[in-house]
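Here is the structure we will look at.
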Amino acid sequence: MANCIEHSRPVYLRRPSLFLYIAQMFALRRQRMHLAELSDEQLKDVGLTREAADAEARRKVWDAPQYWLS
């Protein structure tokens with residue numbers, strides 16, 4: 001029933017809270033730091049180079065596509 005009520009609200013009223021946005025930023029930062037900690041062999045398994053992984057890890061948390069945060 002709660003889902004029916006949520007979907008009946010206009011789209012502009014269905015936006016994430018500030019707490020959720022901050023939590024997503026911390027999660028993104030943590031994931032990027034874990035990416036930087038992978039070994040060269042692990043990066044090769046996922047199809048990344050060390051340079052690409054390091055470049056991604058250096059990006060700021062606000063430098064992320066919006067679809068990553070929704």
Side-chain angles (χ1 to χ4, degrees):
M1 188 72 171
N3 286 341
C4 295
I5 294 171
E6 180 67 25
H7 290 295
S8 65
R9 293 171 57 191
V11 173
Y12 63 88
L13 292 177
R14 285 187 271 142
R15 57 183 172 194
S17 68
L18 179 60
F19 176 77
L20 179 60
Y21 184 75
I22 292 171
Q24 289 173 333
M25 293 293 116
F26 276 110
L28 178 59
R29 181 70 178 152
R30 186 175 57 252
Q31 291 169 14
R32 286 178 171 166
M33 290 299 96
H34 287 181
L35 179 65
E37 294 171 356
L38 293 177
S39 70
D40 290 337
E41 188 173 306
Q42 291 170 320
L43 290 172
K44 184 179 175 185
D45 286 344
V46 294
L48 292 174
T49 64
R50 170 60 54 198
E51 294 79 23
D54 289 343
E56 183 65 29
R58 284 191 304 270
R59 292 174 70 177
K60 304 295 184 196
V61 293
W62 54 82
D63 186 16
Q66 186 60 38
Y67 64 89
W68 283 11
L69 307 174
S70 41

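Numbers here are sequence positions counted from 1. Below, all heavy atoms of this structure are taken into account, side chains as well, without hydrogens, waters or symmetry copies.
- Under the side-chain hydrogen bond (donor to acceptor under 3.5 Å, both in side chains) criterion, Q31 pairs with no residue, sequence neighbours left out.
- Side-chain contact between T49 and D54 is absent, with no heavy atoms from C-beta onward closer than 4.5 Å.
- Screening residues 17-35 for salt bridge (charged side-chain N to carboxylate O under 4.0 Å, His left out), with sequence neighbours left out, gives R32-E56.
- For D40, the side-chain hydrogen bond (donor to acceptor under 3.5 Å, both in side chains) test picks out R50, with sequence neighbours left out.
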L38 and L48: CA distance, side-chain angles, deciding distance, side-chain contact (heavy atoms from CB on, under 4.5 Å) verdict = CA-CA 10 Å; L38 293 177; L48 292 174; over 6 Å; no
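- Residues that satisfy the side-chain hydrogen bond (donor to acceptor under 3.5 Å, both in side chains) test with D63, not counting sequence neighbours, are R59.
- When the side-chain contact (heavy atoms from CB on, under 4.5 Å) test is applied to A55, the partners found at least two apart in sequence or on another chain are R58.
- By the rule that hydrophobic residues join a cluster once side-chain heavy atoms approach within less than 4.5 Å of another member, M25 and M33 end up as members of separate clusters.
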